[in-house]
S.K.: 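Below is one structure. I have some questions about it.
The sequence lines fix the lettering, A, B, ..., with proteins before strands; numbering per chain opens at 1.
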Amino acid sequence: MPTLIKSFIFFDLETTGLPKDNPKVTEICLVAVHRASLENPTRDAATGNLQLPRILDKLCLFIDPGKSLTPKATEITGLSNGNLAQCEKQTFDSRTVALIKEFLQRQAQPVCLVAHNGNGYDFPLLKTELQLQGQDLSGPVYCLDTMQALKSLDQRHSTTPAESRGSYTLSALYKRFFLEDPKDSHFAEGDVLAMLLVFLYKADDLLEWADTKSSNWAEVLPMYGPRLQQTV
DNA sequence: TGCCAGGCCCTCTTTAGGGCCTT
């Protein structure tokens with residue numbers, strides 16, 4: 001059972017495709033927020049709308065995937081092998097891993113990775129990319145899937161029948177809470193900031209969820225590829 | 001040519017099937 005989570009790392013991946021395509025990462029964005037900023041959100045004085053909390057650190061990386069994007073991935077992310085090659089970025093290599101590990105180590109511990117449908121997509125794929133480099137995250141790292149958590153919270157608290165609650169896509173949740181479409185969908189940073197606001201809207205419940213129900217990174221299985229011995 | 005992941009959740013369920021959600 002986790003102790004009190006101190007730092008939340010909201011993150012999103014843009015990739016070459018879906019799990020059936022054995023995807024590779026094309027873009028990763030991590031945004032670190034301290035627990036205190038989530039417990040005491042600020043609101044716009046004029047409108048009363050929730051404001052983004054103070055962002056402690058942000059890491060956004062374009063990455064050469066080393067394989068072709070599916071047409072659908074190009075369509076929704078706006079990325080292509082052509083424009084990625086033009087940027088002359090490195091592949092997901094040991095230097096990329098070092099940047100991510102250093103980013104996590106800079107935050108107040110323990111940290112919790114937060115991703116939308118993270119259990120089904122982002123966590124396993126990040127695990128695969130790390131293990132393809134023969135590496136893994138070190139220290140206690142917890143994981144929270146906002147989609148799973150929000151669905152469960154609705155089941156617990158809502159009297160609305162499941163079929164009436166609507167979609168749990170990130171954009172649908174954002175629109176449900178803020179009555180407008182999220183900005184910059186399918187840009188890694190745009191999706192991370194949308195997820196951060198969605199989290200903030202349900203911060204009390206999700207902070208409690210993180211402390212009591214978040215999973216351990218060491219238990220995340222890779223989406224595909226070699227399975228290294230788990231180290232805790 | 002057509003198909004393709006998979007854990008979770010829901011229901012017309014549990015001896016199952018199908019939709020969701022991620023790029």
S.K.: Need one value for A/Leu170: base, sugar-phosphate or nothing, where a base atom within 4.0 Å counts as base even if backbone is also close, heavy atoms only.
M.R.: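 A/Leu170: backbone/sugar contact only, no base atoms under 4.0 Å.
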S.K.: To the nearest angstrom, how far is A/Tyr121 atom OH from B/dC20 atom P?
M.R.: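 In whole Å, B/dC20 P and A/Tyr121 OH are 18 Å from each other.
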S.K.: Between B/dA16 and B/dC12, how many Å separate the two C1' atoms, rounded to a whole number?
M.R.: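 It comes out at 11 Å once rounded to the nearest Å.
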S.K.: Is there a chain of hydrophobic side chains (I, L, V, M, F, W, Y, each step under 4.5 Å between heavy atoms) that links A/Leu84 to A/Leu13?
M.R.: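 No.
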S.K.: Is it possible for you to say whether A/Leu193 and A/Phe187 belong to one hydrophobic cluster, with membership spreading through side-chain heavy-atom contacts below 4.5 Å?
M.R.: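 No, because A/Leu193 and A/Phe187 fall into different hydrophobic clusters, even though each may have its own neighbours under 4.5 Å.
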S.K.: Starting the side chain at C-beta, find the nucleotide from B/dC8, B/dT22, B/dT23 nearest to A/Gln148.
M.R.: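 Nearest to the side chain of A/Gln148 among the choices is B/dC8.
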S.K.: When rounded to the nearest Å, what value does the distance between C1' atoms of B/dT14 and B/dC21 take?
M.R.: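 Looking at atom C1' only, B/dT14 and B/dC21 are 24 Å apart.
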S.K.: Name the nucleic acid region contacted by A/Asp145, choosing base, sugar-phosphate or nothing; use a 4.0 angstrom heavy-atom cut-off, strictly under.
M.R.: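 Result for A/Asp145 = nothing.
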S.K.: Could you tell me whether A/Lys175 and A/Asp181 make a salt bridge, using a distance below 4.0 angstrom between a side-chain N and a carboxylate O?
M.R.: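 Judged by the 4.0 Å cut-off on N to carboxylate O distance, A/Lys175 and A/Asp181 do form a salt bridge.
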S.K.: Do A/Ser185 and A/Tyr174 have a side chain donor and acceptor closer than 3.5 Å?
M.R.: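 Judged by distance alone, the side chains do not pair up.
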S.K.: Regarding A/Thr15, tell me which of base, sugar-phosphate or nothing describes its non-hydrogen contacts under 4.0 Å with the strands shown.
M.R.: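 Answer is sugar-phosphate: A/Thr15 comes under 4.0 Å of backbone atoms only.
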S.K.: Report which part of the nucleic acid A/Asn22 touches: base, sugar-phosphate, or nothing (heavy-atom distance under 4.0 Å, all strands).
M.R.: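 Nothing, no heavy atom under 4.0 Å.
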S.K.: To the nearest angstrom, how far is A/Phe123 atom CZ from B/dT23 atom P?
M.R.: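 Atom-to-atom, A/Phe123 to B/dT23, this comes out as 13 Å.
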S.K.: For a quick check of understanding: with a heavy-atom distance under 4.0 Å over all strands, which category does A/Leu13 fall into, base, sugar-phosphate or nothing?
M.R.: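 Answer is sugar-phosphate: A/Leu13 comes under 4.0 Å of backbone atoms only.
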S.K.: Which of these nucleotides, B/dT22, B/dC9, B/dC4, is closest to any side-chain atom of A/Ser152?
M.R.: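 Looking only at heavy atoms from C-beta outward on A/Ser152, the closest nucleotide is B/dC9.
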S.K.: Output the rounded distance in Å from CE (A/Met223) to P (B/dT23).
M.R.: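 Taking atom P of B/dT23 as the reference, CE of A/Met223 is at 11 Å.
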S.K.: Can you check the A/Asn119 CG to B/dG7 C1' distance for me, whole Å?
M.R.: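 Roughly 9 Å, once rounded to whole Å.
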S.K.: Answer yes or no: does a side-chain N or O of A/Thr26 lie under 4.0 Å from OP1 or OP2 of B/dT23?
M.R.: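 No, because none of the side-chain N or O atoms of A/Thr26 sits under 4.0 Å from OP1 or OP2 of B/dT23.
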S.K.: Atom CG of A/Leu150 to atom P of B/dC21: distance rounded to whole Å?
M.R.: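 Taking atom P of B/dC21 as the reference, CG of A/Leu150 is at 12 Å.
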S.K.: Does NZ belonging to A/Lys58 count more than 12 external heavy atoms closer than 6.0 Å?
M.R.: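 Open.
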S.K.: CG of A/Leu69 versus C1' of B/dT23: gap in Å, rounded?
M.R.: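 Whole-Å distance recorded here is 9 Å.
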S.K.: Measuring only the P atom in each nucleotide, how far is B/dT13 from B/dG18? A whole number of Å is fine.
M.R.: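 Per the computed distance, 13 Å lies between those P atoms.
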S.K.: Using the C1' atoms only, state how far B/dG6 lies from B/dT23, rounded to an integer number of Å.
M.R.: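 Result for the C1' pair: 15 Å, nearest Å.
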S.K.: Just the rounded figure in Å: distance from C1' of B/dT22 to NZ of A/Lys20.
M.R.: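 Distance, rounded to whole Å: 12 Å.
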S.K.: What distance, rounded to whole Å, do you find between the two P atoms, one in B/dC4 and one in B/dG17?
M.R.: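 Comparing P positions in B/dC4 and B/dG17 gives a spacing of 16 Å.
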S.K.: Check this for me: does any side-chain nitrogen of one of A/Asp21 and A/Lys72 sit under 4.0 Å from a carboxylate oxygen of the other?
M.R.: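 No, no charged N to carboxylate O under 4.0 Å.
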S.K.: How long is the line joining CG of A/Asp12 and P of B/dC21, in whole Å?
M.R.: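 Answer to the nearest Å: 16 Å.
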S.K.: Rounded to whole angstrom, note down the C1' distance from B/dC20 over to B/dT15.
M.R.: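 So the two C1' atoms sit 25 Å from each other.
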S.K.: Looking only at atom C1', what distance separates B/dG19 and B/dT1, rounded to whole Å?
M.R.: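 B/dG19 and B/dT1 have their C1' atoms separated by 26 Å.
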S.K.: Of all the choices, B/dC21, B/dT23, B/dA5, which nucleotide is nearest to the side chain of A/Pro19 once you look at every atom?
M.R.: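 Of B/dC21, B/dT23, B/dA5, B/dA5 is nearest to the side chain of A/Pro19.
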